[in-house]
Structure formats: C-alpha cells, structure tokens
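Taking it in order: structure first as structure tokens, then the write-up.
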Amino acid sequence: MVIAIDGPAGAGKSSVARALSEAIGFTYLDSGAMYRCVAFEVLRRDLDPGDSAAATSVAETVQIGFTAGGVSLDGVEAEPLIRAPEVTEAASRVSVHPGVRAALVAEQRRLISEGRYVAEGRDIGTVVSPDSPLKVFLTATPEERARRRAVQTGGDARQILASQNDRDRRDSEREIGALRTAEDAVTVDTTDRTLDQVVDAIAGLARGRGLA
Ligand code: DC
C-alpha cells in the first residue's frame, strides 16, 4: 500500500515524504532516485541519455536497492553521486523514454506490493498506483522552489529557476507518466508553510482515512 506524494521538483516532496514516513511508521520510497540511478549509469557507460534503446537497456538491467542510508546501484552506494547537476539533467532526459518508465514503474509496483510505503515522484498517484488510498500533490511557486534549491546547493537562484523551468516543461509534456494532478489528489501548497505544518496536515489525512 502506498501514500503517493507527487509534484514538481523543489515543492518539498523529499523532506515531506521522508518525515511523513517516519511520523507514521511507513517505508520511504524515492522514485526520483531510481531515474537518477539509471541516468548515472548511462553517463558512466558513456551512453547518450537521449538514446531510448540504450537507456532502456540500462533501466532493465541495473540493480537498484534501497538501504537505510540511501540508494545503492549494482550493490554500491549511489549517494551523493546521483545528486550531481549533470545527473539531474540526464535524469530528466532518460525519464521521457517509455521503456525506462516501464522498467522502473514495474519495480516500484513490486516494492509497494510488499509493504506500507510513502512514495514520492511525479506519477505515483496517476500511473504507479492509481488505487492509492491517499494521494497528495505538493506545489509551491516556481520562485520559491528555485529559492529553496539555491539555499540547499549554494547556486544562483535565477539560473536554477531557468533550468527548473526546462525540467518542469519536460516533466509535464512527456507522453507517458507526465506530471499531472490525479483527480482524487489533495493539493497542498507548501509556499508559506513549514515542513512540520505540511507533515502534520498529511499525517492527519492519513489517520482520518484509517491508514495510520
Ligand atoms: O525528484 P527528482 O528530482 O529526484 O527526480 C529526478 C528526475 O526523475 C526528474 O527529472 C523527474 C524524473 N522522475 C520521473 O520522471 N518520475 C518519477 N516518478 C520521479 C522522478
């Protein structure tokens, strides 16, 4: 069973999903980390992230594991390498390929079927688990999302906003697994709310629905 936390980059999904999973005793699943692992391996093998067949073959063969500390790729710890800017860019590009998505969605469904998860991503409530009993769509203004990323990384907010806009567009326009709000999702705007306020609100929804 899964509580789905979807939304654009920088809306606070990772912090919220992680804290929520701890608050209610579920396992945290970072689906974006899986796309990042595929992108990392594509770059490591000197392949082109735009090459659908090559990226699909990587997605179908890599072993991605979740450990207490983070994510492993073919048995080797993948953090923090998968957070590098070039991997972020390549992840956005490999995630448009239908074969990559099919492989990772199948793996996400397998994981979710085995326990109680809080999963964050773009398509958890729409594609991976349309039956999810609680779907949350997290948003924040583009400027606020870029500001948060700049604080985290020490980068320039204007540059971050420009590349974030590019990734938002790719996320929303791809044919499969595009970022959109599930009809039955609860939209939560995090722009003017603290992490605790957002987590409390979602934990309250989960308890109200008898999930936690
Ligand atoms: O959430 P993130 O920034 O770690 O995601 C990395 C990339 O993977 C991002 O470009 C969007 C993509 N992604 C996706 O297509 N589907 C998901 N469920 C999660 C992430």
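These numbers come from a predicted model, not from an experiment. In listed order, ligands and their atoms are each counted from 1. FYI, side chains are in, hydrogens and waters are out, and symmetry mates aren't considered; it's all heavy atoms of this structure.
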A student checking ligand 1 against Gly32 at a 4.0 Å heavy-atom cut-off should list atoms 4 (O), 5 (O), 6 (C), 19 (C), 20 (C)
Within 4.0 Å of some non-hydrogen atom of Gly121, the atoms of ligand 1 are 18 (N), 19 (C)
among protein heavy atoms, the one nearest atom 7 (C) of ligand 1 is Ala91 CB, 3.9 Å
Checking heavy atoms under 4.0 Å, the part of Thr88 that sits near ligand 1 is neither
Looking only at protein heavy atoms, what sits closest to atom 8 (O) of ligand 1 is Tyr35 CB, 3.4 Å
Derivation and outcome, side chain to side chain donor-acceptor pair (under 3.5 Å), residues Gln152 and Arg149
CA-CA 5 Å; Gln152 256 175 16; Arg149 202 37 62 94; 3.3 Å; yes
Numbered in order shown, the ligand 1 atoms found under 4.0 Å of a heavy atom of Ser95 are 12 (C), 15 (O)
Nearest non-hydrogen protein atom to atom 15 (O) of ligand 1, with distance, is Arg101 NH1, 2.8 Å
One should read off an interatomic distance between Glu107 CD and Leu29 CG, to the nearest 0.5 angstrom, of 9.5 Å
- Query: Can you tell if the side chain of Leu43 reaches within under 4.5 Å of the side chain of Glu86, non-hydrogen atoms only?
  - Reply: yes
Just checking, any donor-acceptor pair under 3.5 angstrom between side chains of Ser92 and Arg170? yes
Note: Arg174, heavy atoms under 4.0 Å from ligand 1, region reported as side chain
Fill in: N or O contact, Asp123 vs ligand 1, cut-off under 3.5 Å
yes
Checking Thr191 against Asp189: is there a side-chain donor and acceptor pair closer than 3.5 Å? yes
Out of curiosity, is Arg170 lining ligand 1, as in a heavy atom under 4.0 Å away?
no
- Query: Quick one: are Asp6 and Lys135 in side-chain contact, heavy atoms under 4.5 Å?
  - Reply: no
salt_bridge(Arg109, Asp123) N-O dist < 4.0 Å: no
Atom 9 (C) of ligand 1: closest protein heavy atom, distance to 0.1 Å, is Arg122 NH2, 3.6 Å
In this structure, atom 19 (C) of ligand 1 is nearest to the protein heavy atom Ser31 OG, 3.4 Å
Under 4.0 Å from one or more heavy atoms of Arg36, ligand 1 contributes atoms 2 (P), 3 (O), 4 (O), 6 (C)
Between Tyr28 and Glu120, does a side chain to side chain donor-acceptor pair (under 3.5 Å) hold up when you go through it step by step? CA-CA 8 Å; Tyr28 166 57; Glu120 60 143 307; 2.6 Å; yes
Requested in this report: Inspect the contact between Glu144 and Arg148 and indicate whether a charged nitrogen and a carboxylate oxygen are less than 4.0 angstrom apart.
Outcome: yes
Among Gly10, Ser92, Ala178, Ala119, the residue with a heavy atom nearest to atom 10 (O) of ligand 1 is Ser92
